[in-house]
Structure formats: structure tokens, C-alpha cells
**Student:** 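Here it is, the structure, as C-alpha cells.
Per chain, numbering begins at 1; letters A, B, ... match sequence-line order. Keep in mind that what you see is a predicted model, and the values were worked out from it rather than measured.
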Amino acid sequence: MEERTLSHYTTPTQKTLENLFEDFMKKESIFKNKDALSIKYRPEKIYHRDEQINTLSRILAPVLRNEKPSNIFIYGLTGTGKTLVTTYVTSNLEAFAEKHNIKLRVLFANCKMKKVADTEYRLLAHLANLLGEEIPTTGLPTDEVYRRFYNALERVGGNVILVLDEIDALVKKVGDELLYNFTRMCETTNDVNVSIIGISNDLSFIDCLDARVKSSLSEEEIIFPPYNYEQLKDILFDRAMLAFNEGKIDEAAINKCAALAAQEHGDARRALDLLRIAGEIAERNNDDRVEEKHIDMAEEKLDLDRMTEAARVLPKHSKLVLFAILTVLKRKKCVLTGDIQKSYELLCAQMGLRPLTQRRVSDIIAELDIQGLINASVISKGRYGRTREISLSISKTTHDKILLLLKQELDL
DNA sequence: AGTCCACAGGAAGGGCAGGCGA
DNA sequence: TCGCCTGCCCTTCCTGTGGACT
């Protein structure tokens, strides 16, 4: 029988593909350990946060003597190391407690996590589930969920630290009554010391709270200032050493990355994302090393990805409103709510849909603004009323890509 | 100074889907 | 199966607002 080799079956294009894969295999990878650039990575050394680590550790240390530590409120902008430092300190504390037979549980919840902890019910259910109490995703009265959560707490006993990350998002959504209940719980639970660590990006958040909640939650406060250029450079060099093979990244590229992130209120998370994507782009382009140009490309890609993804997951009517806005903004520099309402209603008529009311569309425009897909600011035109002036917040390329995506998604 | 416009945005509640327990 | 509960999305109704116009 005729011997059949791979080439026997392959067309010229496939042959090229085979070459491509072979080239890829032969080439030394740019990355040594890409995980070192991911958000989930827990570095051994945390740079420029010694003060915060020490403060947090000192405040929490009393649990080791079975005393209830003060509640703590931590705030700082995105990517300033709040979550990283908190998990670093609490996990070390847990390990230490375990070694010395001290009962300690740390319960972590990200209050922005959709479908997990973004409502009062879900947060309680999530925390109770962490304590081994099965609570259905819906169906129970809230007081029953509270009761089961308290029971689970008292059953576990000892010391419990509740870490509520992005707590401002939840309070904005459901109000501060939940925090009031939590702080009351800290004072009233028997046989268990409960402390709360609230983490927020919003510096003004604490001022919006009820006075009792405010004083109880912020018994101690820790502020995380933004990283400056030099600090970001230290962080990035450290991670780049772990993530890239030797000689595969230019120092200039790291500096550029740090400079861009420093402009973005010292966001280390964004800096690490930039570095990772730049590496991926260099690898895909078959380039030997990561250079400054790759950082530029990564920045563009990061923005585009963030925006297109945000647009893709919008509900249908939000997509229609965004489509109306982007279409009108093709012709004009800025538009008003009334113009958008009209063009949105036309679109609905075209698609045979019943349009939402102006009240709802107004909210959708505000939501799109919060997501950074558009710029919308309330202005007064005097005799001609008060309205929102809407303009583009994205580059022309991103604008075109999102418009195309919406056209496909909406079947227009 | 008072009027008026075109909304913004708060409050209340309706309707729906989905889960639970009796 | 039914009543009760939740979250979610939406409408209706309403008051508030800043500045051009009179």
C-alpha cells in the first residue's frame, strides 16, 4: 500500500501553515512565565506598600489573641494594590493562625461580581456559602438569608474577617442599610468576633454613608495613594524579570509602559496588562523582543477590546441607543438627548420594536457614559432647556469598529 | 425678576422570570 | 400547584434645574 505522509494530503496553504507552526516551535518564546503579568498572580515581594502592609497587619493582629480587631476602610484608585495587599496580609494571617491553632476564617467577596455578590441577597448567600451553608440563588426572604448567615457564623465561631471588595458599587446599588446590618452584627454576634474590611475605589464614598455606619466601618482607615512613575517602574521591572526570557524586552518599553500607567492615575493593573499584551503582539508578529512600538499597539488594542466587549454585552435597547448615538456622531461633533431619542425611535420603528420611554433612554445614556463608551455631560441651554450633551470618548477606529459590531449584532 | 424650556433624575410601583416551601 | 419571595427592567408621575429670554 502507498505510504501516506502528511504532505500527501496537504494543499500549499496548509503547507505554509505547517511551516508556520514549525517556525513557532523552533523560536525561543518571549515569555518565561506569562502568569506573572496576570491580575491573579501573587508576587513574593510587594513594592512600595510597606506602610500599608504594616498598618493593616497591626490592626488585624489582635485576632491572634482572640480579640476583635477594628473595622477597616481601605480606599485608593484602581490598580493601587488594595486587594493585593489585603489578600497578602489576610492569607499570611490565616496561615499563622492555623500554625498556632487559632480559629480564623477570612471571607472574601467582590461586591461588583455580577450574579455573585452584587445585591444584598447574593452577597449574603455568597458569604454563607463560603461558610458551608447552602443558600439558593433566589427564593428566600432576605431576613431568612440573614438568619442563616448568622447561624453559619456562630456555628463556625472563633474569628471571622469579612473582606468586602468594591463595597461602594454595592452600596450605590442597594443603599447602606446592608452595611448597617453588618456593623450591628459585628457588635452583637455571640461566640464569634466579626470584623469588616471594606475596600473602595471611590474616595467620597464614605461621606455618603449614614453617620452610625460611617463611624463603625471606618474605625481605622488606610489610604492607598497612586503609584508614581518611578514606583511603577520598580513593579514592572520585577514582574518583567519573572515574565519574560532574558533579553526579550527593552528597558525603553518598560519605561514607556510605566509612563502610560502613571498618566492613568498610577494604575499598576493597567501597566501589567499593557506589558502582557505587548508581549503577545510581539510574539504574534514574530518579533524577537518587545519594544516601545509594541506598547503603543498594546495600548490601542486594550482600549479597543475594552470598548467592543462593553458594547457587545449590552442589552438590545442599550445597543440601539448606542447605535443611534454613534450614527449621529458620524455627522456631528456632539448631540443632545432629544436628538438621540428621535433617532432611536426611528430605529425601533424600522425594526418593529416598541421604543422605551425617554426616562429609560435617559438612564441608558447615563449608563453608557459611566462605561466610558460615550461622554455625556448635563448642560443648560437656558431658554432652550436642560439636557445632556453627548460626544465621543473613543478614537475614530474604535468608533467604526463598534458601529460595525452593533450593525451585525442588531441585524441592521 | 419672572417665565419657560427640555430635559434630569427621584420615587413608587407593575410585570415578569425563577426558586422555595407547604 | 400555589403563594410568597427575590432581582431585574421598565413605566408613570412628579419635582427640580440652569440659564436664555422677556
**Student:** Between A:Y384 and A:R148, just flag the one whose closest nucleotide in DNA chain B comes earlier from the 5' side.
**Tutor:**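 Per heavy-atom nearest nucleotide, the more 5' residue is A:Y384.
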
**Student:** Can you tell me if A:T78 and A:R270 form a side-chain donor-acceptor pair at under 3.5 Å?
**Tutor:**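 Short answer, no.
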
**Student:** Regarding A:L336, tell me which of base, sugar-phosphate or nothing describes its non-hydrogen contacts under 4.0 Å with the strands shown.
**Tutor:**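 The answer is nothing, as A:L336 stays clear of every strand by at least 4.0 Å.
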
**Student:** Among the nucleotides C:dA20, C:dC10, C:dT12, which one has an atom lying closest to any side-chain atom of A:L356?
**Tutor:**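 Nearest to the side chain of A:L356 among the choices is C:dC10.
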
**Student:** Please determine, for the side chain of A:R360, which listed nucleotide (C:dC10, C:dG18, B:dG21) has the closest atom?
**Tutor:**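 Closest nucleotide among those given: C:dC10.
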
**Student:** To the nearest 0.5 Å, what is the distance between CD1 on A:I39 and CG on A:L84?
**Tutor:**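 Atom-to-atom, A:I39:CD1 and A:L84:CG are 11.5 Å apart.
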
**Student:** So, taking the atom named CG in A:L272 and the one named SG in A:C257, what distance separates them when rounded to the nearest 0.5 Å?
**Tutor:**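 Reported value, rounded in 0.5 Å steps: 7.5 Å.
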
**Student:** Would you tell me whether A:E367 and A:Q371 have side-chain atoms, one donor and one acceptor, within less than 3.5 Å of each other?
**Tutor:**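 No, because no side-chain N or O of A:E367 sits under 3.5 Å from a partner of the opposite role on A:Q371.
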
**Student:** Return a single string for nucleotides 9-15 of chain B, one symbol per nucleotide in 5' to 3' order, where B is base contact, S is sugar-phosphate-only contact and - is none, cutoff 4.0 angstrom on heavy atoms.
**Tutor:** BB-----

**Student:** Using 0.5 Å steps for rounding, measure from the CD atom of A:E389 to the CG atom of A:D339.
**Tutor:**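 One finds 10.5 Å between CD of A:E389 and CG of A:D339.
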
**Student:** Between C:dC8 atom C1' and A:E367 atom CD, what is the distance in whole Å?
**Tutor:**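 Value for this atom pair: 12 Å.
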
**Student:** Start with the C-alpha distance between A:L37 and A:Y41, add both sets of side-chain angles, then the distance that settles side chain to side chain contact (heavy atoms under 4.5 Å, CB included), and finish with yes or no.
**Tutor:** CA-CA 7 Å; A:L37 299 176; A:Y41 185 78; over 6 Å; no

